[in-house]
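On a predicted model such as this, the values are computed, not experimentally measured, just so you know.
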Amino acid sequence: MAASVRRGTMTLLTQAVMVRANIDVDRMSAQQKVELADEIYAQQPNLLASILVLPRYGVDMLQLEVPIHVLLVAFQAMKHCGHAVPTISEDVQETCLRRLTATMRFTEGVPPDLVAQMITKSCVDHPERYLLAFVYGYLGEHDLLRVRTEAEKFLLLAALNLVECLAYVGAQLQSR
């Protein structure tokens, strides 16, 4: 079965799919990554645009490599998941971004230990928890979770919104 079921929710991107996708992308040459980006442009242009716009918000080219890698792995995982994932529209992206920023605002002023507990719980209960764990892990490896600059804030939002968008369309696929 391509999707795993837990607590009544289905995840499109299982742990095995995420591991396979990450290994695939890590093994790709620069040319193969460009070809994968071309596939993303053809099938998920809005997801690609949401990453490529980041330099307008101060993200430098070195930092941009991180959300690009996240997008490549997420897209590769979508290819492996066994479900046709519909094109994610700008409206879906906007809806998910509003939800994400509302959730983040909710944690403002909350003690760090409680925020950590809230993040852990939301990750465990998230419909795309393996993708979310990958994104948090990858951003953490690159020291991009502390949000010290506006650029890092936009980078973090773009990467996390990618997860929310895939969870959103995954829920739509599940309800069919």
Review point. Any idea which heavy atoms bring V25 and K33 closest together, and the distance?
Key: O-CE, 3.3 Å
Check your understanding: Taking only residues two or more places apart in sequence, or in another chain, which ones meet P111 in a side chain to side chain contact (heavy atoms under 4.5 Å, CB included)?
Key -> D113, L114
Review point. Would you call I88 and L166 a side-chain contact if the rule is heavy atoms closer than 4.5 Å?
Key: yes
Practice item. State, with a plain yes or no, whether a side-chain heavy atom of L72 is found less than 4.5 Å away from one of D24. Key: no
Point to revise | Within residues 144-157 or reaching into it, pairs that qualify as salt bridge (Lys or Arg N to Asp or Glu O under 4.0 Å) - sequence neighbours excluded | key: D143-R146, D143-R148, R148-E152, E150-K153
**Study point:** Spacing of S50 atom OG and Q44 atom CD [to the nearest 0.5 Å]
**Key:** 10.0 Å
Revision key, fill the gap. Those residues at least two apart in sequence (or on a different chain) that pass side-chain hydrogen bond (donor to acceptor under 3.5 Å, both in side chains) with S29 are Q32
**Study point:** Derivation of the side-chain contact (heavy atoms from CB on, under 4.5 Å) call for R105 and T101
**Key:** CA-CA 6 Å; R105 279 191 206 109; T101 55; 4.1 Å; yes
Review point. What pairs with E35 under side-chain hydrogen bond (donor to acceptor under 3.5 Å, both in side chains), at least two apart in sequence or on another chain?
Key: Q31
Exercise for review: Drop me the distance from F154's CZ to I51's CD1, to the nearest 0.5 angstrom.
Suggested key: 13.5 Å
Study note, to complete from the structure: Nearest heavy-atom approach of L48 to A37 is CD2-O, 4.0 Å
Review point. Of all heavy-atom pairs between P127 and A167, which one has the smallest distance, and what is that distance?
Key: CG-CB, 3.9 Å
Practice item. Show your reasoning for whether side-chain contact (heavy atoms from CB on, under 4.5 Å) applies to M18 and T14. Key: CA-CA 6 Å; M18 288 305 306; T14 65; over 6 Å; no
**Study point:** Close side-chain approach of R129 and V124, heavy atoms under 4.5 Å
**Key:** no
Review point. Please walk me through it: do L47 and F75 pass side-chain contact (heavy atoms from CB on, under 4.5 Å)?
Key: CA-CA 9 Å; L47 291 182; F75 185 77; over 6 Å; no
Review point. What is the distance from atom CG of L62 to atom NE2 of H142, rounded to the nearest 0.5 Å?
Key: 8.5 Å
Practice item. Answer yes if M61 and L52 sit in the same cluster of Ile, Leu, Val, Met, Phe, Trp and Tyr residues linked by side chain heavy atoms under 4.5 Å apart, and no otherwise. Key: yes
Point to revise | salt bridge (Lys or Arg N to Asp or Glu O under 4.0 Å): pairs with one or both residues in residues 68-96, sequence neighbours excluded | key: E39-K79, E94-R98
Practice item. Locate the shortest heavy-atom distance separating P67 from L64; write the atom from each residue and the value. Key: CD-O, 3.1 Å
Practice item. Keeping to residues at least two apart or across chains, list the side-chain hydrogen bond (donor to acceptor under 3.5 Å, both in side chains) pairs with something in residues 56-71. Key: N22-H69
Name each donor-acceptor pair under 3.5 Å that joins a side chain in residues 155-163 to protein atoms two or more places apart or in another chain, with its distance.
| residue | atom | partner | partner atom | Å |
| --- | --- | --- | --- | --- |
| N161 | OD1 | L97 | N | 2.9 |
| N161 | ND2 | Q93 | O | 3.2 |

Review point. Hydrophobic cluster mates of I23, side-chain heavy atoms under 4.5 angstrom, ILVMFWY only, any path?
Key: V19
**Study point:** Main-chain N/O of Q43 paired to T87 side chain as donor or acceptor, under 3.5 Å
**Key:** yes
Check your understanding: What distance do R99 atom CZ and C165 atom SG have between them, rounded to the nearest 0.5 Å?
Key -> 10.0 Å
Check your understanding: Do L12 and M78 touch side chain to side chain, with heavy atoms closer than 4.5 Å?
Key -> no
Check your understanding: What pair of heavy atoms forms the shortest contact from V110 to V115, and how long is it?
Key -> O-CG2, 3.6 Å
Review point. What do you reckon, are the aromatic ring centroids of Y130 and F134 less than 6.0 Å apart?
Key: no
Point to revise | CD1-CD1 distance between I68 and I40, expressed to the nearest 0.5 angstrom | key: 9.5 Å
**Study point:** Polar side-chain atom of H126 near backbone of E128 as donor-acceptor pair, under 3.5 Å
**Key:** yes
Exercise for review: Walk me through it: do K121 and D125 pass the test salt bridge (charged side-chain N to carboxylate O under 4.0 Å, His left out)?
Suggested key: CA-CA 6 Å; K121 176 148 178 47; D125 293 341; 2.5 Å; yes
